[in-house]
Amino acid sequence: MNAPQSLAQKLIARAAGRDEVAVGEIVTCKVDMAMFHDSSGPRRLQPMLEQLGAQIWDKNKVVLVMDHYVPERSEDARRIVRIARDWARDQKLPHVYDSQGICHVVVPQHGHIKPGLFCVGGDSHSPTGGAFGAYMFGVGSTEMLGVVTTGEIWVQVPRTIRMRWYGRLHTGVTAKDMMLAMIARFGMNGGAYQAVEFCGEAVRALPMHERMTLSNMSAELGAQVGLIAPDDVTREWLEAHGARGFETTRWFSDQGSVTEEHRFEGSALAPQVAAPFSPANAGDAAQFAGTKIQAAYIGACTGAKLEDLRFAARVLRGKHVAAGVRLLVAPASNADRDTAAREGTLQALVDAGAQLLPSACGICAGYGDSFGPHETVISSTARNFRGRMGPPSTRVYLASPYTVAASAVAGEIVDPREVLA
């Protein structure tokens, strides 16, 4: 056929052992890596595997992360984590990350995601892997059972929706703001479970931590995957984290392979805030200025990576959180926490009055601690659904770490550029 192939098509074709695939075609793909965590993994997979009398197809291609129920805050949490630890030991799994941070950050930091790979994850934010030029999406426990026993999964080849960002972002504006703007424009089903590809000058200028935020929140856009073509930024980050044996030059969309493209001007983007109870309720931060808050949260896979912590520190240095406001910070991984500590970023947060929490999913996932009834919170997480991070009366606004930190200082939602000026 020799038809132009999108990045998504090229990745699927490789996994299917084909030269090319057509949009809409259903193909069976070999899985290069399957990731699951303490919530989605052993407690569900173990009984099903035992019932079938089945074995893991390739233990070296399985990655298990304990991040949702750690540190254990209840007997139920202890039971779930114990199942995961016992199963990992009994199976002699070689890639287990226990209490090292959030899976979507820990897994790439240990070199498990590389350009060209086809991966699945037992979590809805698994599209984070697309930031590295890998095809990665979330699956449920039944689908994961099929992957774990056969090493394969079928997919329908998606069409590609390209989001092209021109210009450069101004200081105080981040990938989180880009995503909230896209979700506000297209809605939470705008991705139509297709492949969304992010490109353009503003995307190429982003460091890897920020690109991960774009791909991560393609889940909130309703996409199956959120892809970014790998480049020198990708290569340098992966090599710095010990990844080897990959190439970046072949993974891009051919001209003529993408029929739907939307354009955005990065230099015109203002910091965004999403009001309760949906990421799609987003608009310029100025629209929400003056909304009083009782808590601010910098955490989760989409809002507490190293770059996010640095953003917050730029706002907080020499300042202090407003009276009556709690600022909670849960670094996304131990590695990011350690780097932030070495360079003084973490100290700047603490000096400003931040309370440090463990590197885990924590409040975002609704396990362990949560916010109180009737509290108004501004958060760097990906979701602000009713009842997710506290009782139904808890109101959560979503924003970038810049905006969360600036609002914590002001005691109310503000445009962070006012504080940075």
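All values derive from a computational prediction rather than experimental measurement. Basis for what follows: all heavy atoms, side chains included, without hydrogens, waters or symmetry-related copies.
Of the charged side-chain nitrogens involved, at least one lies within less than 4.0 Å of a carboxylate oxygen, so that Glu25 and Arg18 count as a salt-bridged pair. The pair Asp32-Arg14 meets the salt-bridge criterion, with a side-chain N (NZ, NE, NH1 or NH2) lying under 4.0 Å from an Asp/Glu carboxylate O. Salt bridge annotation for Glu72-Arg85: present, with a cationic side-chain nitrogen under 4.0 angstrom from a carboxylate oxygen.
Ser370 contributes no side-chain N or O that, together with a main-chain N or O of Gly390, makes up a donor-acceptor pair within less than 3.5 Å. Gln194 places a side-chain N or O within 3.5 Å of a backbone atom of Ala192 that can act as its donor or acceptor partner. For Gln51 (side chain) and Met48 (main-chain N/O), no donor-acceptor pair under 3.5 Å exists by modelled atom type. When atom types are taken as modelled, the side chain of Gln91 and the backbone of Arg89 share no donor-acceptor pair closer than 3.5 angstrom. Without hydrogens or angle criteria, Arg244 side chain to Glu239 main chain gives a donor-acceptor distance under 3.5 Å. For the pair Ser257 (side chain) and Ser253 (backbone), a donor-acceptor distance under 3.5 Å is absent. Under the 3.5 Å distance criterion, the side-chain polar atoms of Ser333 are matched with a main-chain donor or acceptor of Asp336. Under the 3.5 Å distance criterion, the side-chain polar atoms of Ser40 are left unmatched by any main-chain donor or acceptor of Phe36. Remark: the backbone N or O of Gly303 is paired with a side-chain donor or acceptor of Ser380 at under 3.5 angstrom.
The shortest non-hydrogen separation linking Asn334 to Ser99 is ND2-O, 3.2 Å. Minimum interatomic distance between Ala406 and Val419 (heavy atoms only, all atoms of both residues): CB-CG2, 3.7 Å. Contact between Trp57 and Val147 at its shortest, heavy atoms only, is CE3-O, 3.3 Å. What you find for Met217 and Ala382 is that their closest heavy atoms are CE-O, 3.8 Å. Between Ala332 and Ala300, the shortest heavy-atom contact is CB-O, 4.1 Å. For Thr403 against Ser407, the heavy-atom pair with the smallest separation is O-OG, 2.7 Å.
Gln347 meets the side chain to side chain donor-acceptor pair (under 3.5 Å) test with Asp351; sequence neighbours excluded. In this structure, Lys59 has no salt bridge (Lys or Arg N to Asp or Glu O under 4.0 Å) partners at least two apart in sequence or on a different chain. By the side chain to side chain donor-acceptor pair (under 3.5 Å) test, Lys10 pairs with Asp254, sequence neighbours left out. Taking His95 as the reference, Asn60 meet the side chain to side chain donor-acceptor pair (under 3.5 Å) condition, with sequence neighbours excluded. Applying the side chain to side chain donor-acceptor pair (under 3.5 Å) criterion to Ser141, with sequence neighbours excluded, gives no partner residue.
The closest side-chain heavy-atom distance from Asp284 to Asp415 is not below 4.5 Å. By the 4.5 Å heavy-atom criterion applied to side chains, Glu197 and Ile228 are not counted as neighbours. Between Met33 and Val120 there is no side-chain heavy-atom pair separated by less than 4.5 Å. Side chains of Phe246 and Pro230 form no contact here, defined as non-hydrogen atoms less than 4.5 Å apart. No side-chain heavy atom of Met136 sits under 4.5 Å from any side-chain heavy atom of Val225. In this structure, the side chains of Leu93 and Val96 come closer than 4.5 Å at one or more pairs of heavy atoms. Counting heavy atoms from C-beta on, the side chains of Leu169 and Leu206 come closer than 4.5 Å. When side chains are defined from C-beta on, Leu117 does not count as touching Pro115, because their heavy atoms never get closer than 4.5 Å.
Annotation: the span from Ile293 atom CD1 to Leu327 atom CG amounts to 8.5 Å, rounded to 0.5 Å. Interatomic distance, Thr234 OG1 to Lys114 NZ, rounded to the nearest 0.5 Å: 14.0 Å. Of the inter-residue distances, the one linking Met212 atom CE with His209 atom NE2 reads 6.5 Å to the nearest 0.5 angstrom. Here CZ of Phe132 is found 6.0 Å from CG of Leu238. Values are rounded to the nearest 0.5 Å. Here CD1 of Ile153 is found 4.5 Å from CD of Glu143. Values are rounded to the nearest 0.5 Å. How far CG of Leu328 is from CG of Leu356: 9.5 Å, rounded to the nearest 0.5 Å.
The side chain to side chain donor-acceptor pair (under 3.5 Å) contacts involving residues 179-188 comprise nothing, where partners must be two or more places apart or lie in separate chains. Among residues at least two apart or in separate chains, salt bridge (charged side-chain N to carboxylate O under 4.0 Å, His left out) pairs with a member in residues 210-223 are Arg211-Asp231, Glu220-Arg383. For residues 115-137, no pair satisfies salt bridge (charged side-chain N to carboxylate O under 4.0 Å, His left out), with sequence neighbours left out. Among residue pairs with one or both ends in residues 139-182, those qualifying as ring pair (Phe, Tyr, Trp, His ring centres under 6.0 Å) are Trp165-Phe264; sequence neighbours excluded. Applying the salt bridge (charged side-chain N to carboxylate O under 4.0 Å, His left out) definition to pairs two or more places apart or across chains, those involving residues 158-180 are Arg159-Glu260, Arg162-Glu261, Arg164-Glu261, Arg168-Glu201.
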Residues 62-69, side-chain donor-acceptor partners within the protein, below 3.5 Å, at least two apart:
| residue | atom | partner | partner atom | Å |
| --- | --- | --- | --- | --- |
| Asp67 | OD2 | Cys103 | N | 2.8 |

Do any side-chain atoms of residues 304-314 form donor-acceptor pairs under 3.5 angstrom with protein atoms, and if so which ones, sequence neighbours left out?
| residue | atom | partner | partner atom | Å |
| --- | --- | --- | --- | --- |
| Lys305 | NZ | Thr213 | OG1 | 2.9 |
| Lys305 | NZ | Cys301 | O | 2.9 |
| Glu307 | OE1 | Arg310 | NH1 | 3.3 |
| Asp308 | OD2 | Ala304 | N | 3.1 |
| Asp308 | OD2 | Lys305 | N | 2.8 |
| Arg310 | NE | Glu343 | OE2 | 2.8 |
| Arg310 | NH2 | Glu343 | OE1 | 3.0 |
| Arg314 | NH1 | Tyr402 | OH | 2.6 |

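Dense packing is recorded around NZ of Lys319, with more than 12 heavy atoms of other residues, nucleotides or ligands lying under 6.0 Å away. Within 6.0 Å of CG on Asp86 lie more than 12 heavy atoms contributed by other residues, nucleotides or ligands.
Using the six-membered ring where Trp is involved, Trp237 and His241 have ring planes that are parallel, under 30° apart on the 30 and 60° scheme.
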Given the rule in the side-chain contact (heavy atoms from CB on, under 4.5 Å) test, do Asn384 and Tyr397 qualify, once you have shown the distances and angles that lead to the verdict?
CA-CA 7 Å; Asn384 58 344; Tyr397 290 78; 5.9 Å; no
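Partner of Leu214 under the side-chain contact (heavy atoms from CB on, under 4.5 Å) criterion, out of Thr128, Thr302, Val203: Val203 alone.
Using a 3.5 Å distance cut-off with no hydrogens or angles, the side chains of Glu152 and Thr150 do not pair a donor with an acceptor.
Under the 6.0 Å cut-off for aromatic ring centres, Tyr97 and His112 qualify, their centroids lying closer than that.
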